[in-house]
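Just so we're clear, the structure is a prediction, and the values are computed from it rather than from any experiment. Each ligand, and each atom within it, is numbered from 1 in the order the structure gives.
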Amino acid sequence: MMKKYLQSWFLVAAATLLVTVANAQNPLITNQFTADPSARVFNGRVYVYPSHDIKAAPGRGRAGWFVMEDYHVFSSGNLTDWTDHGMIVSQTTVPWADPASYSMWAPDCIARNGKYYFYFPTTTKPQTAGGRGRFAIGVAVADKPTGPFKIQPEPIKGVLGIDPNVFIDDDGQAYLYWSQGNIFAAKLKANMLEIEGEVQTLTDLPVKGLKEGPYMYKHKGTYYLTYPHVENKIERLEYATSKSPLGPFKFTGVIMDENPTGCWTNHHSIIEYQGQHYLFYHSSDLSPNFDKNRSIRADSLFFNAGGTIKKVIPTLRGVGLTQALSKIQIDRYSEKGDNATVKFIDTAKVFEGWKTNLPATKNGWIRYNSVNFGKVKNVTVRVWSGQGGTLEIRDAAATGNLIAKVKVPKGASWREVTVPVSSIKQGVHHLVIAAKNSAVEVDWISFR
Ligand code: FUB
(Lines give C-alpha, C1' and ligand atoms only; values in the text may rest on other atoms or scores of the structure.)
Protein backbone atom coordinates (compact mmCIF):
# COMPACT_ATOMS: atom_id res chain seq x y z
CA MET A 1 0.00 0.00 0.00
CA MET A 2 2.71 2.40 1.11
CA LYS A 3 4.78 1.47 -1.97
CA LYS A 4 1.83 2.23 -4.28
CA TYR A 5 1.20 5.54 -2.51
CA LEU A 6 4.86 6.54 -2.80
CA GLN A 7 4.89 5.53 -6.48
CA SER A 8 1.85 7.67 -7.33
CA TRP A 9 3.19 10.55 -5.23
CA PHE A 10 6.44 10.33 -7.15
CA LEU A 11 4.58 10.39 -10.49
CA VAL A 12 2.62 13.51 -9.50
CA ALA A 13 5.71 15.23 -8.11
CA ALA A 14 7.75 14.36 -11.19
CA ALA A 15 5.00 15.64 -13.50
CA THR A 16 4.81 18.89 -11.54
CA LEU A 17 8.56 19.35 -11.65
CA LEU A 18 8.67 18.67 -15.36
CA VAL A 19 6.32 21.49 -16.34
CA THR A 20 8.31 24.27 -17.95
CA VAL A 21 7.15 27.18 -20.03
CA ALA A 22 8.45 28.08 -23.44
CA ASN A 23 7.63 31.44 -24.99
CA ALA A 24 7.99 31.36 -28.70
CA GLN A 25 6.99 32.31 -32.20
CA ASN A 26 8.54 30.05 -34.87
CA PRO A 27 9.88 27.66 -33.90
CA LEU A 28 7.33 27.08 -31.15
CA ILE A 29 9.69 25.24 -28.81
CA THR A 30 13.23 26.54 -28.41
CA ASN A 31 14.69 24.51 -25.55
CA GLN A 32 14.74 21.11 -27.30
CA PHE A 33 14.27 19.64 -30.78
CA THR A 34 10.71 18.76 -31.80
CA ALA A 35 9.26 17.36 -35.05
CA ASP A 36 6.12 15.92 -36.67
CA PRO A 37 3.61 18.03 -34.71
CA SER A 38 0.17 16.56 -34.25
CA ALA A 39 -1.91 19.45 -32.92
CA ARG A 40 -5.33 18.91 -31.34
CA VAL A 41 -7.86 21.10 -29.58
CA PHE A 42 -9.01 19.48 -26.35
CA ASN A 43 -11.30 21.32 -23.91
CA GLY A 44 -10.61 24.72 -25.49
CA ARG A 45 -6.82 24.38 -25.32
CA VAL A 46 -4.31 23.46 -28.03
CA TYR A 47 -2.20 20.36 -27.35
CA VAL A 48 0.73 19.42 -29.56
CA TYR A 49 2.12 15.89 -29.64
CA PRO A 50 5.41 16.10 -31.55
CA SER A 51 8.25 13.66 -32.01
CA HIS A 52 11.38 14.44 -30.01
CA ASP A 53 14.66 14.50 -31.91
CA ILE A 54 17.82 14.14 -29.86
CA LYS A 55 21.48 13.98 -30.79
CA ALA A 56 23.14 10.60 -31.33
CA ALA A 57 25.81 9.60 -28.82
CA PRO A 58 27.81 6.40 -28.30
CA GLY A 59 25.23 3.71 -27.44
CA ARG A 60 22.39 6.13 -28.22
CA GLY A 61 21.06 5.86 -31.75
CA ARG A 62 22.75 6.02 -35.13
CA ALA A 63 24.85 9.06 -36.04
CA GLY A 64 23.51 10.87 -39.13
CA TRP A 65 19.99 9.48 -38.71
CA PHE A 66 16.85 10.18 -36.64
CA VAL A 67 17.39 9.51 -32.93
CA MET A 68 14.09 9.57 -31.02
CA GLU A 69 13.54 7.91 -27.66
CA ASP A 70 10.39 9.48 -26.18
CA TYR A 71 7.52 11.94 -26.54
CA HIS A 72 6.59 15.11 -24.68
CA VAL A 73 3.25 16.91 -24.92
CA PHE A 74 2.97 20.70 -25.04
CA SER A 75 -0.08 22.90 -24.63
CA SER A 76 -1.08 26.51 -25.08
CA GLY A 77 -4.15 28.65 -24.64
CA ASN A 78 -2.88 31.54 -26.78
CA LEU A 79 -0.49 29.88 -29.30
CA THR A 80 2.36 31.97 -27.90
CA ASP A 81 3.11 30.57 -24.44
CA TRP A 82 3.69 26.82 -24.54
CA THR A 83 3.79 24.58 -21.49
CA ASP A 84 5.90 21.45 -21.66
CA HIS A 85 4.01 18.80 -19.69
CA GLY A 86 7.03 16.54 -19.76
CA MET A 87 7.64 13.08 -21.11
CA ILE A 88 4.53 10.95 -21.71
CA VAL A 89 5.83 7.76 -23.39
CA SER A 90 9.37 6.42 -23.68
CA GLN A 91 10.76 3.54 -25.72
CA THR A 92 11.98 1.92 -22.51
CA THR A 93 8.42 1.53 -21.20
CA VAL A 94 6.87 0.04 -24.36
CA PRO A 95 6.97 -3.73 -23.72
CA TRP A 96 7.16 -4.73 -27.40
CA ALA A 97 9.56 -2.01 -28.58
CA ASP A 98 13.25 -2.42 -29.30
CA PRO A 99 14.83 0.03 -26.82
CA ALA A 100 17.96 0.17 -28.95
CA SER A 101 16.07 1.48 -31.99
CA TYR A 102 15.49 5.12 -30.94
CA SER A 103 12.67 5.16 -33.48
CA MET A 104 9.74 6.81 -31.70
CA TRP A 105 8.58 8.49 -34.90
CA ALA A 106 5.59 10.74 -35.70
CA PRO A 107 2.66 10.21 -33.25
CA ASP A 108 -0.97 11.34 -33.03
CA CYS A 109 -3.51 11.68 -30.23
CA ILE A 110 -7.30 11.79 -30.28
CA ALA A 111 -10.09 12.08 -27.71
CA ARG A 112 -13.04 9.72 -27.48
CA ASN A 113 -15.60 9.31 -24.69
CA GLY A 114 -13.44 11.12 -22.16
CA LYS A 115 -10.30 9.09 -22.94
CA TYR A 116 -7.21 10.21 -24.85
CA TYR A 117 -5.68 7.72 -27.28
CA PHE A 118 -2.04 8.31 -28.15
CA TYR A 119 -0.81 6.43 -31.26
CA PHE A 120 2.90 6.05 -31.91
CA PRO A 121 5.08 4.08 -34.30
CA THR A 122 8.25 2.37 -33.23
CA THR A 123 10.34 -0.67 -34.04
CA THR A 124 9.42 -4.05 -32.59
CA LYS A 125 11.95 -6.22 -30.77
CA PRO A 126 13.83 -8.41 -33.29
CA GLN A 127 12.30 -11.90 -33.65
CA THR A 128 15.68 -13.57 -34.04
CA ALA A 129 19.06 -12.87 -32.47
CA GLY A 130 20.84 -10.32 -34.66
CA GLY A 131 17.62 -9.74 -36.65
CA ARG A 132 15.76 -6.48 -37.07
CA GLY A 133 12.33 -5.47 -35.88
CA ARG A 134 9.66 -3.80 -38.01
CA PHE A 135 7.75 -0.58 -37.55
CA ALA A 136 4.44 -1.22 -35.77
CA ILE A 137 1.95 1.17 -34.17
CA GLY A 138 1.22 1.21 -30.45
CA VAL A 139 -1.52 2.90 -28.44
CA ALA A 140 -1.38 4.45 -24.99
CA VAL A 141 -4.54 5.58 -23.20
CA ALA A 142 -5.06 8.34 -20.64
CA ASP A 143 -7.84 10.17 -18.82
CA LYS A 144 -6.24 13.55 -19.53
CA PRO A 145 -4.49 14.96 -22.64
CA THR A 146 -1.26 15.15 -20.66
CA GLY A 147 -1.45 11.63 -19.28
CA PRO A 148 -0.38 9.58 -17.43
CA PHE A 149 -0.67 7.29 -20.48
CA LYS A 150 -1.08 3.53 -20.04
CA ILE A 151 0.66 1.68 -22.84
CA GLN A 152 -1.19 -1.25 -24.44
CA PRO A 153 0.82 -4.49 -24.15
CA GLU A 154 0.82 -5.17 -27.92
CA PRO A 155 0.92 -2.99 -31.04
CA ILE A 156 -2.23 -2.77 -33.22
CA LYS A 157 -2.69 -6.14 -35.00
CA GLY A 158 -2.57 -6.09 -38.80
CA VAL A 159 -0.82 -2.73 -39.04
CA LEU A 160 2.83 -2.30 -40.01
CA GLY A 161 4.23 1.13 -40.74
CA ILE A 162 4.77 4.66 -39.45
CA ASP A 163 3.03 8.01 -39.02
CA PRO A 164 -0.35 7.02 -37.53
CA ASN A 165 -3.18 9.51 -37.83
CA VAL A 166 -6.67 9.00 -36.42
CA PHE A 167 -9.78 10.71 -37.69
CA ILE A 168 -13.28 10.40 -36.20
CA ASP A 169 -16.06 11.19 -38.65
CA ASP A 170 -19.30 12.97 -37.70
CA ASP A 171 -21.12 9.60 -37.57
CA GLY A 172 -18.67 8.40 -34.89
CA GLN A 173 -16.71 6.00 -37.12
CA ALA A 174 -12.97 6.25 -36.44
CA TYR A 175 -10.32 5.65 -39.12
CA LEU A 176 -6.62 4.95 -38.80
CA TYR A 177 -4.30 6.23 -41.52
CA TRP A 178 -0.59 5.42 -41.68
CA SER A 179 2.23 5.13 -44.18
CA GLN A 180 5.02 2.89 -45.31
CA GLY A 181 5.91 3.98 -48.85
CA ASN A 182 2.19 4.21 -49.65
CA ILE A 183 -0.61 5.59 -47.51
CA PHE A 184 -2.93 3.04 -45.89
CA ALA A 185 -6.26 3.33 -44.09
CA ALA A 186 -8.55 1.09 -42.05
CA LYS A 187 -11.61 1.54 -39.88
CA LEU A 188 -11.01 1.40 -36.13
CA LYS A 189 -13.29 -0.52 -33.80
CA ALA A 190 -15.14 1.51 -31.14
CA ASN A 191 -12.45 0.47 -28.63
CA MET A 192 -9.95 2.54 -30.72
CA LEU A 193 -7.38 -0.24 -30.20
CA GLU A 194 -8.11 -2.62 -33.09
CA ILE A 195 -8.79 -2.23 -36.79
CA GLU A 196 -11.99 -3.53 -38.32
CA GLY A 197 -12.16 -4.99 -41.82
CA GLU A 198 -9.66 -4.73 -44.64
CA VAL A 199 -6.63 -2.45 -44.81
CA GLN A 200 -6.92 -0.22 -47.87
CA THR A 201 -4.00 1.16 -49.85
CA LEU A 202 -4.90 4.65 -51.01
CA THR A 203 -3.65 4.27 -54.57
CA ASP A 204 -5.22 7.30 -56.25
CA LEU A 205 -2.45 9.63 -55.02
CA PRO A 206 0.75 10.71 -56.84
CA VAL A 207 2.66 7.52 -57.73
CA LYS A 208 6.23 8.76 -58.07
CA GLY A 209 8.14 9.89 -54.95
CA LEU A 210 7.75 8.99 -51.27
CA LYS A 211 4.46 9.83 -49.58
CA GLU A 212 4.09 9.63 -45.78
CA GLY A 213 2.67 11.44 -42.74
CA PRO A 214 -1.06 11.31 -43.65
CA TYR A 215 -3.37 13.69 -41.83
CA MET A 216 -7.11 13.60 -42.52
CA TYR A 217 -9.07 16.83 -42.08
CA LYS A 218 -12.78 17.36 -42.78
CA HIS A 219 -13.96 20.82 -43.79
CA LYS A 220 -17.48 21.69 -44.94
CA GLY A 221 -18.27 18.09 -45.86
CA THR A 222 -15.07 17.51 -47.87
CA TYR A 223 -12.39 15.06 -46.71
CA TYR A 224 -8.88 16.49 -47.12
CA LEU A 225 -6.20 13.80 -47.12
CA THR A 226 -3.05 15.85 -46.51
CA TYR A 227 0.45 14.34 -46.70
CA PRO A 228 4.14 15.14 -47.28
CA HIS A 229 5.32 14.03 -50.73
CA VAL A 230 8.66 14.10 -52.56
CA GLU A 231 7.56 15.52 -55.90
CA ASN A 232 11.05 16.90 -56.57
CA LYS A 233 13.98 16.32 -54.20
CA ILE A 234 12.60 16.84 -50.71
CA GLU A 235 9.15 16.77 -49.12
CA ARG A 236 6.43 19.32 -49.65
CA LEU A 237 2.93 19.24 -48.17
CA GLU A 238 0.13 18.29 -50.56
CA TYR A 239 -3.54 17.39 -50.33
CA ALA A 240 -6.11 15.31 -52.12
CA THR A 241 -9.86 15.61 -51.62
CA SER A 242 -12.78 13.24 -51.56
CA LYS A 243 -16.42 12.96 -50.56
CA SER A 244 -15.55 9.88 -48.47
CA PRO A 245 -12.86 9.26 -45.80
CA LEU A 246 -11.51 6.26 -47.71
CA GLY A 247 -11.53 7.89 -51.15
CA PRO A 248 -11.35 7.80 -54.07
CA PHE A 249 -9.17 10.89 -53.69
CA LYS A 250 -8.32 13.52 -56.25
CA PHE A 251 -4.96 15.30 -56.01
CA THR A 252 -5.94 18.93 -55.40
CA GLY A 253 -2.89 21.03 -54.55
CA VAL A 254 0.18 21.97 -52.55
CA ILE A 255 -0.25 23.27 -48.98
CA MET A 256 3.38 24.21 -48.43
CA ASP A 257 6.36 24.17 -50.79
CA GLU A 258 9.65 22.43 -49.99
CA ASN A 259 11.47 23.90 -47.00
CA PRO A 260 13.79 26.71 -48.21
CA THR A 261 16.43 25.55 -45.68
CA GLY A 262 16.55 22.13 -47.38
CA CYS A 263 15.09 20.21 -44.41
CA TRP A 264 14.28 16.93 -46.19
CA THR A 265 11.19 16.01 -44.18
CA ASN A 266 8.10 17.97 -43.38
CA HIS A 267 5.18 16.66 -41.33
CA HIS A 268 2.08 18.52 -40.36
CA SER A 269 -1.41 18.72 -38.87
CA ILE A 270 -4.31 21.15 -39.23
CA ILE A 271 -6.60 22.51 -36.53
CA GLU A 272 -9.27 25.16 -36.22
CA TYR A 273 -8.90 27.18 -33.04
CA GLN A 274 -11.05 30.16 -32.05
CA GLY A 275 -12.28 30.60 -35.63
CA GLN A 276 -8.90 30.42 -37.39
CA HIS A 277 -7.27 27.45 -39.13
CA TYR A 278 -3.62 26.69 -38.37
CA LEU A 279 -1.02 24.50 -40.02
CA PHE A 280 1.52 22.93 -37.67
CA TYR A 281 4.65 21.69 -39.46
CA HIS A 282 8.37 21.46 -38.91
CA SER A 283 11.65 22.87 -40.16
CA SER A 284 15.23 22.74 -38.91
CA ASP A 285 15.53 26.22 -37.33
CA LEU A 286 17.69 25.13 -34.40
CA SER A 287 19.88 22.85 -36.52
CA PRO A 288 20.45 24.45 -39.92
CA ASN A 289 23.24 22.01 -40.81
CA PHE A 290 21.61 18.73 -39.73
CA ASP A 291 18.00 18.25 -40.77
CA LYS A 292 17.28 15.37 -38.38
CA ASN A 293 17.21 17.73 -35.40
CA ARG A 294 13.99 19.54 -36.24
CA SER A 295 11.75 22.20 -34.72
CA ILE A 296 7.97 22.58 -34.87
CA ARG A 297 6.25 25.67 -36.21
CA ALA A 298 2.74 27.02 -36.80
CA ASP A 299 1.31 29.42 -39.36
CA SER A 300 -2.24 30.45 -40.26
CA LEU A 301 -4.02 28.45 -42.95
CA PHE A 302 -6.88 29.72 -45.09
CA PHE A 303 -9.44 27.96 -47.26
CA ASN A 304 -10.50 29.66 -50.50
CA ALA A 305 -14.22 30.16 -51.11
CA GLY A 306 -14.31 27.09 -53.39
CA GLY A 307 -12.76 24.86 -50.72
CA THR A 308 -9.17 24.74 -51.99
CA ILE A 309 -6.39 25.52 -49.51
CA LYS A 310 -4.32 28.70 -49.98
CA LYS A 311 -0.64 27.82 -50.05
CA VAL A 312 0.90 28.53 -46.63
CA ILE A 313 4.08 30.61 -46.78
CA PRO A 314 6.26 29.74 -43.77
CA THR A 315 7.07 32.66 -41.45
CA LEU A 316 9.31 33.22 -38.44
CA ARG A 317 6.73 35.41 -36.71
CA GLY A 318 4.28 32.52 -36.65
CA VAL A 319 0.94 32.99 -34.91
CA GLY A 320 -0.56 34.48 -31.76
CA LEU A 321 -0.15 37.82 -30.07
CA THR A 322 3.06 38.73 -28.25
CA GLN A 323 2.53 40.55 -24.97
CA ALA A 324 4.41 43.86 -24.78
CA LEU A 325 5.60 42.86 -21.27
CA SER A 326 7.28 39.67 -22.51
CA LYS A 327 10.78 39.46 -23.97
CA ILE A 328 9.95 40.22 -27.60
CA GLN A 329 12.32 38.23 -29.79
CA ILE A 330 12.45 40.57 -32.76
CA ASP A 331 14.65 38.07 -34.63
CA ARG A 332 11.34 36.19 -35.25
CA TYR A 333 10.41 39.09 -37.51
CA SER A 334 7.43 39.65 -39.82
CA GLU A 335 9.52 41.49 -42.42
CA LYS A 336 12.98 43.03 -42.62
CA GLY A 337 15.12 45.27 -44.76
CA ASP A 338 17.85 43.53 -46.77
CA ASN A 339 20.65 44.76 -44.53
CA ALA A 340 19.23 43.52 -41.22
CA THR A 341 20.57 40.06 -40.35
CA VAL A 342 19.67 37.35 -37.85
CA LYS A 343 22.19 34.91 -36.37
CA PHE A 344 22.46 32.54 -33.41
CA ILE A 345 23.66 34.36 -30.26
CA ASP A 346 26.12 31.50 -29.78
CA THR A 347 26.37 28.80 -32.47
CA ALA A 348 27.61 26.35 -29.79
CA LYS A 349 24.46 26.96 -27.69
CA VAL A 350 21.60 27.13 -30.19
CA PHE A 351 18.92 26.90 -27.49
CA GLU A 352 19.96 30.42 -26.40
CA GLY A 353 18.27 31.63 -29.57
CA TRP A 354 19.01 34.36 -32.06
CA LYS A 355 20.06 38.00 -32.21
CA THR A 356 19.35 40.69 -34.78
CA ASN A 357 22.04 42.89 -36.28
CA LEU A 358 20.65 46.26 -37.31
CA PRO A 359 23.17 48.34 -39.28
CA ALA A 360 22.54 52.09 -39.37
CA THR A 361 21.61 52.00 -43.06
CA LYS A 362 18.41 52.55 -45.04
CA ASN A 363 17.57 48.83 -45.25
CA GLY A 364 18.70 47.94 -41.74
CA TRP A 365 15.20 47.80 -40.17
CA ILE A 366 13.09 44.95 -38.87
CA ARG A 367 9.28 44.77 -38.39
CA TYR A 368 7.64 42.67 -35.69
CA ASN A 369 3.85 42.39 -35.89
CA SER A 370 1.06 41.89 -33.38
CA VAL A 371 2.35 43.11 -30.02
CA ASN A 372 -0.39 43.55 -27.44
CA PHE A 373 0.04 46.65 -25.27
CA GLY A 374 -1.54 47.52 -21.94
CA LYS A 375 -0.32 50.60 -20.07
CA VAL A 376 3.47 50.84 -20.39
CA LYS A 377 5.98 53.43 -19.19
CA ASN A 378 9.41 52.03 -20.08
CA VAL A 379 11.14 49.76 -22.52
CA THR A 380 14.17 47.62 -21.72
CA VAL A 381 16.37 46.41 -24.56
CA ARG A 382 19.12 43.78 -24.37
CA VAL A 383 21.69 45.12 -26.79
CA TRP A 384 25.27 45.86 -27.58
CA SER A 385 26.97 48.19 -30.04
CA GLY A 386 30.70 48.22 -30.88
CA GLN A 387 30.69 51.92 -31.77
CA GLY A 388 27.70 53.09 -29.73
CA GLY A 389 24.43 53.67 -31.57
CA THR A 390 20.81 54.61 -31.10
CA LEU A 391 17.88 52.23 -31.41
CA GLU A 392 14.58 53.66 -32.58
CA ILE A 393 11.37 51.76 -31.88
CA ARG A 394 8.43 52.99 -33.94
CA ASP A 395 4.81 52.10 -34.43
CA ALA A 396 4.59 50.57 -37.91
CA ALA A 397 1.26 52.35 -38.53
CA ALA A 398 1.36 54.98 -41.29
CA THR A 399 2.15 57.74 -38.78
CA GLY A 400 5.33 55.88 -37.77
CA ASN A 401 5.13 57.32 -34.23
CA LEU A 402 8.40 57.12 -32.34
CA ILE A 403 7.75 54.96 -29.27
CA ALA A 404 11.25 55.05 -27.82
CA LYS A 405 14.77 56.18 -28.60
CA VAL A 406 17.43 54.12 -26.83
CA LYS A 407 21.02 55.34 -26.65
CA VAL A 408 23.27 52.26 -26.59
CA PRO A 409 26.68 53.06 -25.12
CA LYS A 410 29.81 51.89 -26.93
CA GLY A 411 30.87 48.46 -25.64
CA ALA A 412 31.55 44.88 -26.64
CA SER A 413 29.22 43.06 -24.25
CA TRP A 414 25.47 42.60 -23.88
CA ARG A 415 23.74 45.08 -21.59
CA GLU A 416 20.19 45.98 -20.68
CA VAL A 417 19.22 49.61 -21.24
CA THR A 418 15.89 51.04 -20.00
CA VAL A 419 14.31 54.27 -21.24
CA PRO A 420 10.82 55.83 -20.93
CA VAL A 421 8.39 55.38 -23.84
CA SER A 422 6.20 58.05 -25.37
CA SER A 423 2.48 57.40 -25.01
CA ILE A 424 1.23 54.36 -26.88
CA LYS A 425 -2.44 53.42 -27.09
CA GLN A 426 -3.48 50.15 -25.46
CA GLY A 427 -4.14 47.42 -28.01
CA VAL A 428 -2.26 45.63 -30.78
CA HIS A 429 0.58 47.39 -32.58
CA HIS A 430 3.16 46.37 -35.17
CA LEU A 431 6.68 47.60 -34.33
CA VAL A 432 9.54 48.72 -36.58
CA ILE A 433 13.00 48.79 -35.05
CA ALA A 434 16.06 50.42 -36.66
CA ALA A 435 19.51 51.67 -35.62
CA LYS A 436 20.90 55.19 -36.13
CA ASN A 437 24.52 56.40 -36.11
CA SER A 438 26.04 52.95 -35.81
CA ALA A 439 25.05 49.25 -35.86
CA VAL A 440 23.24 47.78 -32.85
CA GLU A 441 22.75 44.10 -32.04
CA VAL A 442 19.48 43.24 -30.28
CA ASP A 443 18.65 40.12 -28.26
CA TRP A 444 15.15 41.18 -27.13
CA ILE A 445 13.04 44.17 -26.18
CA SER A 446 10.46 44.29 -23.39
CA PHE A 447 8.04 46.97 -22.18
CA ARG A 448 7.15 47.74 -18.54
O1 FUB B 1 10.28 11.85 -37.67
C2 FUB B 1 10.63 10.67 -38.34
C3 FUB B 1 9.94 10.63 -39.65
O4 FUB B 1 10.34 11.73 -40.46
C5 FUB B 1 8.45 10.78 -39.59
O6 FUB B 1 7.80 9.64 -39.12
C7 FUB B 1 8.17 11.16 -40.99
O8 FUB B 1 6.88 11.62 -41.21
C9 FUB B 1 9.23 12.21 -41.19
O10 FUB B 1 8.86 13.45 -40.67
Side-chain angles (χ1 to χ4, degrees), residues 27-29 32-39 48-56 61-73 89-91 94 97-98 101-109 118-124 133-138 155-156 159-166 176-185 202 205-206 209-216 225-231 233-239 255-259 261-270 279-287 290-298 314:
L28 300 178
I29 308 299
Q32 59 196 284
F33 300 117
T34 49
D36 308 323
S38 175
V48 180
Y49 299 83
S51 315
H52 184 194
D53 291 338
I54 55 173
K55 285 187 185 296
R62 185 172 130 202
W65 190 237
F66 301 105
V67 182
M68 303 153 89
E69 65 180 345
D70 62 18
Y71 301 100
H72 286 221
V73 55
V89 172
S90 157
Q91 63 178 6
V94 180
D98 176 2
S101 69
Y102 291 86
S103 60
M104 306 292 274
W105 285 17
D108 194 10
C109 188
F118 180 72
Y119 297 82
F120 59 95
T122 193
T123 310
T124 56
R134 304 168 79 181
F135 264 109
I137 293 174
I156 303 178
V159 175
L160 287 174
I162 61 170
D163 296 352
N165 162 243
V166 175
L176 175 70
Y177 299 85
W178 70 98
S179 59
Q180 183 80 295
N182 276 308
I183 293 179
F184 304 94
L202 306 181
L205 300 170
L210 179 76
K211 296 175 291 294
E212 55 180 1
Y215 185 87
M216 172 56 72
L225 178 68
T226 65
Y227 53 89
H229 171 224
V230 184
E231 170 67 19
K233 289 190 172 152
I234 61 175
E235 290 181 340
R236 66 182 191 184
L237 303 179
E238 298 178 358
Y239 69 109
I255 304 173
M256 178 174 274
D257 284 330
E258 289 88 347
N259 198 313
T261 68
C263 181
W264 200 95
T265 61
N266 200 348
H267 188 115
H268 67 294
S269 54
I270 297 170
L279 177 76
F280 285 73
Y281 61 101
H282 71 224
S283 182
S284 51
D285 297 276
L286 291 165
S287 173
F290 180 56
D291 68 354
K292 283 158 191 73
N293 283 170
R294 299 157 294 178
S295 294
I296 61 169
R297 292 166 153 233

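For a heavy-atom separation below 4.0 Å, the residues in contact with ligand 1 are D36, F66, M68, W105, A106, D163, E212, T265, H267, H282, R294.
The closest side-chain heavy-atom distance from Y102 to E69 is below 4.5 Å.
With 3.5 Å as the limit, one finds no donor-acceptor pair spanning the side chains of D53 and N293. Side chains of D98 and T123: a donor-acceptor N/O pair is absent below 3.5 angstrom, by distance only.
A search for salt bridge (charged side-chain N to carboxylate O under 4.0 Å, His left out) contacts involving E238 returns R236, not counting sequence neighbours. Applying the ring pair (Phe, Tyr, Trp, His ring centres under 6.0 Å) rule to Y71 yields the partners F118; only residues at least two apart in sequence or on another chain are considered. Scored by the ring pair (Phe, Tyr, Trp, His ring centres under 6.0 Å) test, W178 finds F184 as partners (sequence neighbours excluded).
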